[in-house]
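The next block holds one structure in the form of structure tokens; read it before the comments.
No experiment lies behind these values; they were computed from the predicted model shown.
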2 protein chains.
Amino acid sequence: MAKTAPKTRKTVRTPPVTTAALARLRDAGLRPTRQRIALAALLFDGHPYGRHVTAEMLFDEARKRGARVSLATVYNTLNQFTEAGLLRELVVDPGTSHFDTNMGDHHHLYFEDSGELRDVDAGGIEIKGLPATPRGAEVARVDVIVRLRRR
Amino acid sequence: MAKTAPKTRKTVRTPPVTTAALARLRDAGLRPTRQRIALAALLFDGHPYGRHVTAEMLFDEARKRGARVSLATVYNTLNQFTEAGLLRELVVDPGTSHFDTNMGDHHHLYFEDSGELRDVDAGGIEIKGLPATPRGAEVARVDVIVRLRRR
DNA sequence: TCAATAGATTAGAATTATTCTAACTAAAGA
DNA sequence: TCTTTAGTTAGAATAATTCTAATCTATTGA
């Protein structure tokens with residue numbers, strides 16, 4: 001094995017990988033651990049228009065990239081990210097939760113055959129005739145899901 | 001044990017219980033078994049404005065009424081009823097499916113704190129600005145879920 | 001009427017999705 | 001540096017749902 005270049009410092013530094021992901025974790029008050037950095041990088045880096053993943057999907061992806069993470073940690077992390085406002089949980093499919101990195105106000109097209117999810121910006125959409133919000137309650141969010149099937 | 005009244009016929013007849021439930025099963029082409037009759041009666045009889053149940057809820061209810069049904073059968077039956085167009089599956093909550101006896105065109109209010117679901121007739125609702133249906137696809141259904149929380 | 005057959009139905013067992021918690025790790029204070 | 005505390009991880013446990021072998025029911029033919 002080739003010898004590495006001599007160290008100029010004794011203190012070990014975390015290598016400056018995926019700065020964006022790191023900053024996100026810091027801002028959310030989550031400790032930037034190896035596992036979280038890897039998952040945040042997969043979720044957010046290089047995906048300007050958002051992603052939709054299940055825990056299983058993200059786990060497989062992490063494994064392929066050689067990250068050592070358990071499926072339980074992927075679940076825990078997705079839930080923490082959701083709690084911290086980095087992700088949004090989406091329930092379209094009985095049996096699995098999807099997580100959406102797009103935190104803007106939007107709705108979804110759901111292709112039932114393939115399972116694909118596509119965002120629809122809420123900007124151009126108007127919903128008329130919804131009943132008044134019941135006393136003592138407030139609207140947390142309105143979800144519109146257009147379910148599509150192959151014709 | 002007291003002797004029962006003498007039979008006037010040799011042929012054994014299914015007693016004329018829950019005629020409405022029975023008719024529904026017949027129309028849907030499902031064999032009216034003891035389990036299905038019991039579950040259909042619970043779901044449809046005396047609930048003119050529709051019900052929202054999970055498998056677990058219906059199972060508990062059936063047990064309380066003394067019906068001998070397994071939880072697996074409740075799942076199977078709910079799925080068969082859905083397939084047959086007697087029910088509609090509703091996914092609002094990660095982790096559980098709800099089944100809705102209201103087959104009319106409608107949307108939902110979902111109280112996140114209590115888990116309560118309330119129907120909103122689609123008649124008075126208009127959604128403007130949805131994108132064009134993609135090529136090769138057709139709209140199976142549009143779900144609007146207003147998620148409410150305690151204020 | 002009765003037995004044989006085919007197909008539908010049931011429910012215990014298996015699987016899949018998710019959460020829980022004990023062990024581990026990192027950060028903060030002395 | 002050592003100790004304490006709180007956060008984090010992942011194996012084990014749980015919850016939700018499906019699968020399939022055994023059972024039951026309806027039908028057909030004798």
Side chains of residues 24-35 of chain B: which donor-acceptor partners sit under 3.5 Å, not counting sequence neighbours?
unit_1  : atom_1 : unit_2  : atom_2 : d
B:Thr33 : OG1    : B:Arg36 : N      : 3.3
B:Arg34 : NH1    : B:Arg68 : O      : 3.0

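A close approach under 4.0 Å does not occur between any side-chain nitrogen or oxygen of B:Asn76 and OP1 or OP2 of D:dT18.
Looking at residues 63-74 of chain A, you'll see A:Leu71, A:Ala72 sit with a heavy atom under 4.0 Å from some atom of DNA chain C. Of the residues in residues 92-103 of chain B, those lying under 4.0 Å from DNA chain D by heavy-atom distance are B:Gly95, B:Thr96, B:Ser97.
Contacts of A:Glu126 classified as side-chain hydrogen bond (donor to acceptor under 3.5 Å, both in side chains), with partners at least two apart in sequence or in another chain: none. For the side-chain hydrogen bond (donor to acceptor under 3.5 Å, both in side chains) test, residues two or more places apart in sequence or in another chain that qualify with B:Arg147 are A:Asp143. With sequence neighbours left out, the side-chain hydrogen bond (donor to acceptor under 3.5 Å, both in side chains) criterion links B:Asn102 to B:Asp119. By the side-chain contact (heavy atoms from CB on, under 4.5 Å) test, B:Ala38 is found to be paired with B:Ala67, residues two or more places apart in sequence or in another chain being considered. Residues forming a side-chain hydrogen bond (donor to acceptor under 3.5 Å, both in side chains) with B:Glu112 (at least two apart in sequence, or on another chain): none. The ring-ring contact (aromatic ring centres under 6.0 Å, His included) test applied to B:His107 returns no partner, not counting sequence neighbours.
Protein atom OH of B:Tyr75 is 5 Å distant from nucleotide atom C1' of D:dT17, rounded to whole Å. For B:Arg34 and D:dA26, the CZ to C1' distance is 17 Å, given to the nearest whole Å. Distance, A:Glu83 CD to D:dT8 P: 12 Å, rounded to whole Å. Distance CG (B:Asn79) to P (D:dT17): 9 Å, rounded to an integer number of Å. Rounded to whole Å, the distance from CD1 on A:Ile37 to C1' on C:dA26 is 13 Å. Straight-line distance from the CG atom of A:Leu39 to the P atom of D:dT8: 13 Å, rounded to whole Å. A:Arg26 has its CZ atom 14 Å from the C1' atom of D:dG7, to the nearest Å. Rounded to an integer number of Å, the gap from CZ of B:Phe59 to C1' of C:dT10 is 13 Å.
More than 12 heavy atoms of other residues, nucleotides or ligands lie within 6.0 Å of CD in B:Glu116, so this atom counts as buried by the packing criterion.
Cluster partners of A:Val139, by chain and number: A:Leu109, A:Phe111, A:Val120, A:Ile125, A:Ile127, A:Leu130, A:Val142, A:Val144, A:Val146, A:Leu148, B:Leu109, B:Phe111, B:Val120, B:Ile125, B:Ile127, B:Leu130, B:Val139, B:Val142, B:Val144, B:Val146, B:Leu148. The rule joins Ile, Leu, Val, Met, Phe, Trp and Tyr whenever side-chain heavy atoms lie under 4.5 Å apart. Here A:Val91 is tied into one hydrophobic group with B:Val91, each link being a pair of ILVMFWY side chains closer than 4.5 Å.
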_At under 4.0 Å between heavy atoms, how does the protein contact nucleotides 4-9 of chain C? Give one character per nucleotide, 5' to 3', with B, S or -._
---BSS
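The minimum heavy-atom distance between B:Phe59 and B:Leu71, with the atom names listed, is CE1-N, 3.4 Å.
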